[in-house]
Amino acid sequence: MEFEPLDQFLQRRKKLSEIESLGHAPYPHKFAWTHTARQVAEQFGHRTADQLSSERVEVRVAGRIVALRPHGKAAFAHLAGDGARLQMYIKLDVVGEQAYKLFQLLDLGDIVGVSGHLFRTKTNELTVWVEGLELLNKALLPLPEKWHGLADVEMRYRRRYLDLIVNERAREIFLRRAQITRELRRFFDERGYVEVETPMMHSILGGATARPFVTHHNTFDMDLFLRIAPELYLKRLVVGGLDRVYEINRNFRNEGIDAIHQPEFTMLEFYQAYSDALELMDLTEELLRGLAEKVCGSAKIKYGEREIDFSHFERLSMRDAIHMFWPTAAGAAPSVAELARKGGPRGAVARYNAFARSGGGETIDDAGTRSDGELTGDLFEAVAEGHLIQPTFIYDFPTEISPLAKRREDDPSLTERFELFIAGMEIANGFSELNDPADQERRFRAQVEKGGHDMPKEVDTDYIRALSHGLPPTAGEGIGIDRLVMLLTDSHAIREVILFPLLRAEAPEGTSAEKSAGEGEPPK
RNA sequence: AGGGGCGUAGCUCAGUGGUAGAGCAGCGGCCUUUUAAGCCGAAGGUCGUGGGUUCGAUCCCCACCGCCCCUACCA
C-alpha cells in the first residue's frame with residue numbers, strides 16, 4: 001500500500017533499499033540500549049563538560065529522529081524517546097564513511113539507535129558523540145511540521161499517533177490519565193476493595209437511564225445491549241459477599257456527542273457494604289483532594305480561567321440550590337418549604353416557564369403526567385447546575401428520578417443520593433443503595449410502564465431475586481473518569497482525554513480529491 | 001436535529017472575480033559545534049465534492065461531505 005504524500009513515500013522507500021544495499025538490515029530485531037533519552041537527561045543532565053571529558057560516560061540510546069541539522073561532513077540531530085529529546089553529534093571522520101552514508105540516508109521520523117559517549121557542545125548542550133549508528137526502522141511517511149506540529153483537531157484525533165509524537169501536551173494528558181487511574185486503584189486497593197470486571201454485554205438494560213447500543217450474539221441468536229452502567233452487577237457481587245468492590249471500565253450510551261459526552265466513556269463505580277451516602281461524600285472529598293494534590297501538586301488547580309479548590313466541598317440540598325440560584329428576573333425564588341409542598345415544584349415551574357418564555361431560555365416540560373420530583377430535578381438543572389463551579393455536592397434527590405436509591409427515613413419523597421458538580425459538570429453520582437426488593441420491584445415496574453426510549457423495557461427479575469437473598473446496607477458511587485481527567489489536565493473537551501474518540505467514519509480514499517473516479521458514489 | 005463558522009501544497013498558514021503564494025518537510029548543490037542551522041537552485045496544487053451565476057469561479061450562489069462552536073438531546 002502506498003500513502004500520500006506519494007513523492008516522499010516513494011523517496012523514503014528508495015532510501016530504505018539503498019540502506020539495505022549498504023548492508024544494513026531494513027527491520028532489525030533489537031537494539032541493546034542502556035538509557036532512554038529521558039534517563040540520559042535525568043542521570044547526566046547536571047554533569048559539566050569537564051566532568052564528562054575526564055570521566056567518559058558511554059551510552060546506547062534509541063529513539064525517533066525529530067530534528068536534523070546537517071553541516072556537510074558533520075551533523076546534529078535530536079532523538080526523541082521516553083518523552084525527552086537528546087541531541088547527537090555525528091562526524092564523518094569519527095564514524096567512518098559507511099556509517100556516515102547511512103546517516104545521510106536518514107529522514108525526520110526514522111527510528112535509530114546510537115552509541116557513543118556524552119559531551120557538551122559549545123552551547124553547553126548535553127550531546128551524544130556518536131561512534132556507532134544503526135537504523136532501527138525507517139519512517140516511510142514524513143512527520144507533521146516541526147514548529148507548529150499538528151494543529152488540525154480532526155487529524156489529531158484520527159491519527160493520534162502523530163499527535164503523540166509531535167504534541168507534547170497530548171502525551172502529557174494521557175500519561176496523567178494513566179497516573180489518575182493508577183492512583184484511583186491504589187486508593188481503593190488500600191481500603192480493601194476488590195477490583196472486578198462485570199459484563200459489558202447485557203441482555204437487560206439497567207443501572208441508568210440511557211439509550212443503548214444493540215448488538216447480536218450469533219451462537220445464542222440473542223440480541224444484547226452494550227452496557228450503560230455496571231451498577232446492577234456490582235451490587236450482585238455485594239450480595240455475594242464481596243463487601244467492597246470497584247470497577248473502572250467503559251460504558252456505552254447511544255446519545256449525543258459534545259464537549260462532555262462521548263458514546264464510549266469510562267466510569268469508576270465502587271460499592272461498600274455497611275455504609276451510606278453520607279460516608280461516601282466524605283470519602284469522595286478525601287479521594288479527590290488527594291488526587292489533585294498527587295497529580296497536580298496542589299489541591300487548588302487551574303481550570304481555564306478559573307481556580308478550582310479541592311480542599312473545600314460545598315454541600316447543598318437540591319431544593320436549597322434551586323432557591324439559591326433562582327434567576328432574579330424570574331421573580332421571587334421559591335422557598336425550600338414551597339418546593340417541599342405537594343404541587344410546589346409545579347408552581348415554581350410555572351413561574352420559571354413564564355420567565356423562560358419571555359426570553360430567559362428553554363422552558364421545562366410541565367405536562368400533567370410529570371411528578372413533583374421530576375419537575376424538581378428539571379428546575380435544578382435549569383437554574384442551578386451551571387453555577388456549580390467549585391466542588392459542590394447536591395443531595396436530597398427526589399425519589400421519582402432515583403430508582404435505585406434508598407429513601408430518606410424521614411421523607412419518602414427524597415432519597416439518600418447526591419451528585420458532585422465541578423466546573424458545571426456532573427462528576428459523580430452516589431447513594432445509599434435501595435435494598436428492599438419489594439420497593440425495588442415497584443420502582444422497576446413504574447419505569448417499564450412509563451416507557452420511553454431511554455427506559456428499561458423489562459424488569460431485571462434476577463436482580464430482584466439477588467436483592468431477595470439480602471443486600472447489606474450498602475453505599476455506591478460512580479465517578480466519570482473522563483471528566484475527572486479533563487479537570488485534572490485543564491482540558492476542555494472530552495475528546496482531548498480519550499485517545500481515540502468516536503468520529504464519523506472517514507470517507508474512503510478516492511471519494512474526495514486524491515484518487516481516480518469510478519469508485520462509486522460517496523456513502524450516503 | 002437547528003443556528004453559526006471553517007475546509008487552499010504532506011504540515012502550519014497567507015491570498016484574489018482574470019489558471020495561486022510563504023515557511024517547514026521533500027529533491028539537487030555547498031557547508032566538520034548546530035539547535036526553528038545557513039546559503040544557492042529546482043519541484044510540488046482538479047483551492048473538500050458536485051452543480052449554478054459569469055466571457056471567465058479557488059473567490060459569488062445552491063446542495064452534499066467532513067470538522068469545530070452554540071443550542072437541543074443526555075441521571
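Here the structure is a predicted model, which means the values were calculated and not measured. Lettering of chains follows the sequences in order, A, B, ..., and the numbering in each one begins at 1.
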[X] bridged to [Y] by N-O distance under 4.0 Å:
| X | Y | result |
| --- | --- | --- |
| A:Arg253 | A:Glu264 | no |
| A:Glu20 | A:Lys138 | no |
| A:Arg408 | A:Asp396 | yes |

*asked:* For A:Arg171, is the CZ atom crowded, meaning more than 12 foreign heavy atoms sit under 6.0 Å from it?
replied: yes
Which nucleotide in the set [options] lies at the smallest distance from any side-chain heavy atom of [X]?
| X | options | result |
| --- | --- | --- |
| A:Glu362 | B:U34, B:U71, B:A75 | B:U71 |
| A:Lys73 | B:G66, B:U32, B:U33 | B:U32 |
| A:Asp107 | B:C68, B:C27, B:U32 | B:C27 |
| A:Lys122 | B:G10, B:A75, B:U34 | B:U34 |
| A:Pro144 | B:C11, B:G26, B:A75 | B:C11 |
| A:Gln11 | B:C27, B:C67, B:A25 | B:C27 |
| A:Leu150 | B:U33, B:U12, B:A75 | B:U12 |
| A:Pro5 | B:U33, B:G10, B:C11 | B:G10 |

Less than 3.5 Å between a donor and an acceptor, one on the side chain of [X] and one on the base of [N], is that the case here?
| X | N | answer |
| --- | --- | --- |
| A:Glu426 | B:A75 | no |
| A:His148 | B:C11 | no |
| A:Glu145 | B:G10 | no |
| A:Asp152 | B:U12 | no |

Answer yes if the side chains of [X] and [Y] hold a donor-acceptor pair under 3.5 Å, and no otherwise.
| X | Y | value |
| --- | --- | --- |
| A:His78 | A:Arg85 | no |
| A:Thr392 | A:Glu314 | no |
| A:Tyr100 | A:Gln98 | no |

Rounded to the nearest angstrom, tell me the gap between atom [atom1] in [X] and atom [atom2] in [N].
| X | N | atom1 | atom2 | result |
| --- | --- | --- | --- | --- |
| A:Gln8 | B:C27 | CD | P | 8 Å |
| A:Glu4 | B:G44 | CD | P | 15 Å |
| A:His78 | B:U34 | NE2 | P | 13 Å |
| A:Leu162 | B:A25 | CG | C1' | 13 Å |
| A:Asp396 | B:A75 | CG | C1' | 16 Å |
| A:Ile479 | B:A75 | CD1 | C1' | 16 Å |
| A:Ile260 | B:C70 | CD1 | C1' | 14 Å |
| A:Leu141 | B:C24 | CG | P | 21 Å |

When you compare [N] with [M], how far apart are their [atom1] atoms, in angstrom units rounded to a whole number?
| N | M | atom1 | result |
| --- | --- | --- | --- |
| B:G18 | B:C60 | P | 12 Å |
| B:A20 | B:C47 | P | 10 Å |
| B:U58 | B:G48 | P | 9 Å |
| B:U53 | B:G23 | P | 40 Å |
| B:A1 | B:U49 | P | 24 Å |
| B:C40 | B:C31 | C1' | 12 Å |
| B:C55 | B:U8 | P | 30 Å |
| B:U71 | B:C64 | P | 24 Å |

Quick one: is [N] close enough that its OP1 or OP2 comes under 4.0 Å of any side-chain N or O from [X]?
| X | N | answer |
| --- | --- | --- |
| A:Arg495 | B:C69 | yes |
| A:Arg69 | B:U34 | no |
| A:Lys146 | B:A25 | yes |
| A:Arg158 | B:C67 | yes |

For [N], what is the paired nucleotide under Watson-Crick or G-U wobble rules, both distances under 3.5 Å?
| N | result |
| --- | --- |
| B:C67 | B:G5 |
| B:C73 | none |
| B:G38 | B:C30 |
| B:U54 | none |

Could you check whether [X] gets within reach of a base, just the sugar-phosphate, or nothing at all, counting any heavy atom under 4.0 Å?
| X | result |
| --- | --- |
| A:Ala151 | sugar-phosphate |
| A:Glu255 | sugar-phosphate |
| A:Gly377 | nothing |
| A:Lys15 | sugar-phosphate |
| A:Pro403 | base |
| A:Phe119 | base |
| A:Asp7 | nothing |
| A:Gln87 | base |
| A:Asp258 | base |

*I would like to know whether A:His202 and A:Phe225 meet ring pair (Phe, Tyr, Trp, His ring centres under 6.0 Å); could you show each step before the answer?*
CA-CA 5 Å; A:His202 292 184; A:Phe225 303 107; 8.8 Å; no
*Can you spot which of A:Glu154, A:Met155, A:Arg160 makes a side chain to side chain contact (heavy atoms under 4.5 Å, CB included) with A:Tyr157?*
A:Arg160
_Using O4'-C1'-N9-C4 for purines and O4'-C1'-N1-C2 for pyrimidines, with syn meaning within 90° of 0, is B:U32 syn or anti?_
anti
*Decide salt bridge (charged side-chain N to carboxylate O under 4.0 Å, His left out) for A:Asp439 and A:Arg407; before the verdict, give the C-alpha distance in whole Å, the side-chain angles of both, and the deciding distance to 0.1 Å.*
CA-CA 10 Å; A:Asp439 192 5; A:Arg407 298 171 199 265; 3.1 Å; yes
_For A:His71 and A:Ala67, find the nucleotide of RNA chain B closest to each by heavy atoms; which residue's nucleotide sits nearer the 5' end?_
A:His71
